[in-house]
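Just below is one structure, and these are the notes that go with it.
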Amino acid sequence: MMKKRSAVMLSSVMLMSVVLAACGGNNTNNASNNAQNGSAGNAGGETKTVKIFQFKTEIVEGLNELKVEFEKEYPNIKLDIQTVGGGADYAAALKTKFASGDAPDIFSNGGYAEMDLWGDKLEDLSDQPWVKDLIPLAAEPMTKDGKTYGMPMNLEGIGYVYNKDLFEKAGITETPKTLSELEEAAKKLQAIDVIPFGNAYQEWWLLGNQGISVAFAQQDNVDEFIAGLNGGTASIVGNPVFKDWSNLLKLTVEYGQKNPLTTDANTHLAMFANGEVAMMQEGNWAQTLVDNITPDMNIGMFPMPINEDAEKNDKMTVGIPANLVVNKDSASKEEAKTFLNWLVTSDMGKEYITKKWKFIPALSTIEANPEDIGDLGSDVWNYVQEGKVYGLQSSKFPDGVTQEFASVIQQLIADKVDEAGWETAMQAAWDKLKK
Amino acid sequence: MRGSKSSQFGQQLFFVGPAVLFFTVVMIIPFVMGMYYSFTDWNGVSGNVAWVGFDNFKMIFTNDPDFWSSFWFTVRFTVLGVVLTNVVGFFLAYFLTKALKTRNMLRTIFFMPNVIGGLLLGFIWQFIFIKGFATMGDLTGWSFFNLPWLGDATTGFWAIVMVFVWQSSGYLMVIYIASLNNVSKEVLEAAEIDGASRGQVLRSIIVPLIMPAVTVGLFLAISWSFKMFDLNLSLTKGGPFKSTESVAMNIYNEAFLNNRYGLGTAKALLFFVIVAIITVIQVRVTKSKEVEA
């Protein structure tokens with residue numbers, strides 16, 4: 001009897017300790033939260049933590065180095081940097097963070113539709129010193145009713161990255177500016193046994209986000225067109241620009257490697273860097289990725305031509321991949337603003353932006369040297385300087401449309417639908433998700 | 001009397017209480033919240049949650065062909081997955097309960113895929129399908145290897161089935177081994193003396209006697225294949241053109257890509273009801289087939 005009772009006692013004590021331990025963990029958390037909130041009142045004195053949550057995996061290393069520098073200069077502010085890569089995973093993780101009460105102070109936002117989605121969490125940054133220096137194109141995605149809600153991290157150009165040496169070998173002297181010139185170039189490349197295009201058409205973002213953007217950008221008035229799609233007055237069906245775009249797609253598939261639908265971005269990068277293919281649809285971020293495989297490759301970038309209008313086609317698609325925004329309910333939002341300002345005004349921050357990350361700066365006060373931002377970056381920069389750019393349109397699409405577009409475009413690539421059926425399916429995708 | 005009753009209650013509270021508490025916190029409360037959200041148009045972020053009644057369910061039934069095509073995909077996948085994993089698992093177990101020298105080693109090998117996470121497996125197999133099969137195709141010239149693996153709807157489907165069976169049958173094998181070892185030697189010997197052939201022994205004695213394991217095996221395989229997400233994500237991401245999108249993935253995309261959390265939870269709720277009905281029927285049916293030796 002005694003034995004039994006002591007066994008019960010023992011197990012209950014053990015159980016209790018488990019429960020208590022769990023509670024204990026919570027308590028300490030609360031305590032530290034309180035401490036943080038408390039310090040909001042007294043200036044100086046205590047250190048405050050700024051939690052940063054972003055998705056650019058390629059800049060993590062640099063951010064961590066910057067963190068050390070920043071904390072040296074501002075001993076009262078600690079940075080806590082967390083990164084989750086990949087667009088969709090990042091969005092889900094961010095929602096989880098907000099839902100669990102662990103909201104970051106600074107996080108990334110894509111602008112336009114995504115700005116509206118997160119609208120009631122965003123701090124108005126219009127009064128920040130760097131706002132006046134923003135390049136107008138870069139400020140647009142995060143501007144609403146004349147207010148600026150985010151800091152664009154950089155500009156990214158999207159187009160065909162090409163191998164200059166292979167182009168020269170094939171006897172192509174100028175970058176193609178029309179669809180027929182592009183086909184001409186592809187034929188010449190085939191003649192020297194090089195596959196003209198590496199198509200990573202497994203990647204949804206390459207098709208439904210960056211690729212299709214051209215078909216929108218070349219509309220006479222893109223914002224009107226998108227408003228029309230939402231209002232039911234415009235249609236993709238029968239729109240000549242989309243037909244043109246599908247011709248470009250077919251051209252790349254015809255002159256591309258086999259199995260485009262199972263090729264991912266890593267594979268086309270590897271094929272390109274090894275000289276197996278001469279062109280690939282990419283952005284200037286591919287610079288560092290190509291450098292990692294084959295350093296000092298002779299490469300460049302040109303816009304994606306979809307028809308015979310050389311002037312209209314010679315415009316690079318330029319987008320803002322991410323903007324840093326401040327959580328307006330954050331206890332340390334002033335510190336967060338301090339960091340953002342430091343990032344684009346201090347010499348250290350500027351140097352990292354162009355030299356380490358090879359970013360094309362989104363602020364006119366940061367200088368971009370061709371040696372720093374690489375061949376691709378400077379090609380894009382030239383287009384930006386000459387004003388020959390289209391904005392990346394996909395952030396204006398309703399949520400989820402980019403993925404729907406990609407799967408419909410994949411059907412076209414796989415010959416599951418014809419061109420007319422494709423336009424109908426594109427329109428249906430939009431109609432399904434518009435608000 | 002009264003005292004012992006309350007002490008009984010105290011004991012129950014003590015032992016079951018913590019489990020109930022955690023179960024409530026991590027299962028019941030989210031489930032009820034999900035039920036609530038399925039009647040709203042919440043986008044997952046905003047502070048405004050508007051009640052929309054049955055609109056989400058109406059939408060699913062009238063205006064969402066993608067959900068039903070992913071549902072059909074999941075059903076086909078489940079039927080094949082359940083049958084194949086159980087058949088393969090059973091026969092692995094059947095042969096690995098014979099006196100083989102390499103028995104333990106083989107058991108470990110077949111169980112191994114289960115230890116590796118689904119995502120990782122998916123990425124490994126994606127490499128095998130795309131790079132490995134292509135190379136094999138170049139070397140052997142067999143048309144099987146030269147199919148566009150993962151590149152069209154059919155190969156995508158079969159690729160997921162293959163990897164799923166390879167991953168899950170090891171686990172079911174362990175269940176069947178445990179059950180086969182419990183089939184009493186006397187019965188088997190008696191059958192042998194009566195002149196029953198191997199096939200007869202298998203059909204009329206072993207299978208009926210391991211029915212409890214079949215119940216468990218079917219139940220596990222059904223719930224695994226209905227819920228399958230990680231293999232789907234890492235092998236095909238639902239592509240090409242959504243042809244291999246499982247229901248779990250469709251729900252995830254609806255909630256987190258399309259930012260229609262309300263609609264996503266409505267789908268999840270509907271899916272829960274369907275899967276619950278199917279598994280209850282399955283357990284009833286196989287339970288009724290269980291016999292005692």
Side-chain angles (χ1 to χ4, degrees), chain A residues 8 11-12 15-16 18-19 22 86-96 98-99 113-114 116-121 201-204 207 258-264 267 329 398-417 425 428-429 431-433 435, chain B residues 7 10-11 13-15 17-19 21-22 25 30 33 41-48 59 63-66 123 126-127 129-131 133-134 146-153 155-156 159 233 235-245 252-261 263-264:
Chain A
V8 170
S11 54
S12 58
L15 258 174
M16 283 304 281
V18 170
V19 175
D89 308 325
Y90 166 78
L94 184 63
K95 281 175 201 163
T96 316
F98 270 91
E114 211 180 313
D116 292 339
L117 175 68
W118 290 90
D120 54 359
K121 312 269 191 250
Y201 290 156
Q202 189 195 33
E203 307 283 1
W204 65 266
L207 294 167
K258 64 175 193 180
N259 293 338
L261 290 182
T262 55
T263 305
D264 62 7
T267 311
D329 304 320
D399 301 327
V401 160
T402 48
Q403 280 87 356
E404 290 284 330
F405 275 178
S407 84
V408 177
I409 296 166
Q410 286 177 338
Q411 285 184 339
L412 183 66
I413 294 170
D415 275 331
K416 293 274 170 189
V417 289
D431 288 342
K432 189 181 137 194
L433 290 163
K435 296 254 157 64
Chain B
S7 91
Q11 276 190 9
L13 187 74
F14 210 83
F15 289 109
L21 181 77
F22 285 116
V25 169
M33 280 170 72
D41 69 348
W42 193 40
N43 66 6
V45 178
S46 111
N48 305 323
M59 165 104 176
N63 192 17
D64 198 352
D66 279 351
F123 285 123
Q126 190 191 36
F127 178 80
F129 279 124
I130 292 175
K131 294 280 161 57
F133 275 28
N146 281 327
L147 291 172
W149 280 99
L150 301 179
D152 63 24
T155 54
L233 183 76
L235 271 176
T236 65
K237 296 196 189 84
F241 42 87
K242 296 203 170 195
S243 54
T244 60
E245 188 180 65
Y252 174 86
N253 286 343
E254 192 68 70
F256 292 109
L257 283 184
N258 300 353
N259 286 326
R260 298 201 281 196
Y261 202 90
L263 187 58

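Here is how names work: the chains are called A, B, and so on, in the same order as the sequence lines, proteins then strands, and each is numbered from 1.
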Quiz item: Can you say whether B:A134 sits under 4.5 Å from chain A via the side chain, the backbone, both, or neither, judging by heavy atoms?
Solution: neither
Exercise. Could you walk me through whether B:K242 and A:Q411 pass side-chain contact (heavy atoms from CB on, under 4.5 Å), step by step?
Key: CA-CA 9 Å; B:K242 296 203 170 195; A:Q411 285 184 339; over 6 Å; no
Self-check item: Atom pair CD/CG of B:E254 and A:L433 - distance to nearest 0.5 Å
Solution: 7.0 Å
Quiz item: So, for A:Q202 and B:L235, which heavy atoms are closest and what is the spacing to 0.1 Å?
Solution: NE2-O, 4.5 Å
Quiz prompt | Stepwise side-chain contact (heavy atoms from CB on, under 4.5 Å) test for A:K432 and B:N63 | solution = CA-CA 8 Å; A:K432 189 181 137 194; B:N63 192 17; 5.7 Å; no
Quiz item: Looking at A:E404, A:K121, A:K95, which one has more heavy-atom pairs under 4.5 Å with chain B than the rest?
Solution: A:K95
Exercise. Return the minimal non-hydrogen interatomic distance between A:T262 and B:L150, and the atom names on each side.
Key: CG2-C, 3.4 Å
Quiz item: With only heavy atoms counted, which part of B:N253 is less than 4.5 Å from chain A, the side chain, the backbone, both or neither?
Solution: neither
Exercise. Provide the closest heavy-atom pair for B:N258 versus A:G400 in the form atom of the first, atom of the second, distance.
Key: OD1-CA, 3.1 Å
Exercise. Against chain B, label A:T402 side chain, backbone, both or neither, depending on which of its atoms sit under 4.5 Å from a heavy atom there.
Key: neither
Self-check item: Residues which pass salt bridge (charged side-chain N to carboxylate O under 4.0 Å, His left out) with A:D329, listed by chain and number, not counting sequence neighbours
Solution: none
Exercise. State, to 0.1 Å, how close B:F241 and A:S407 come at their nearest heavy-atom pair, and which atoms those are.
Key: CB-O, 2.9 Å
Exercise. Could you check if a side-chain atom of A:K416 sits within less than 4.5 angstrom of a side-chain atom of B:D152, using non-hydrogen atoms only?
Key: no
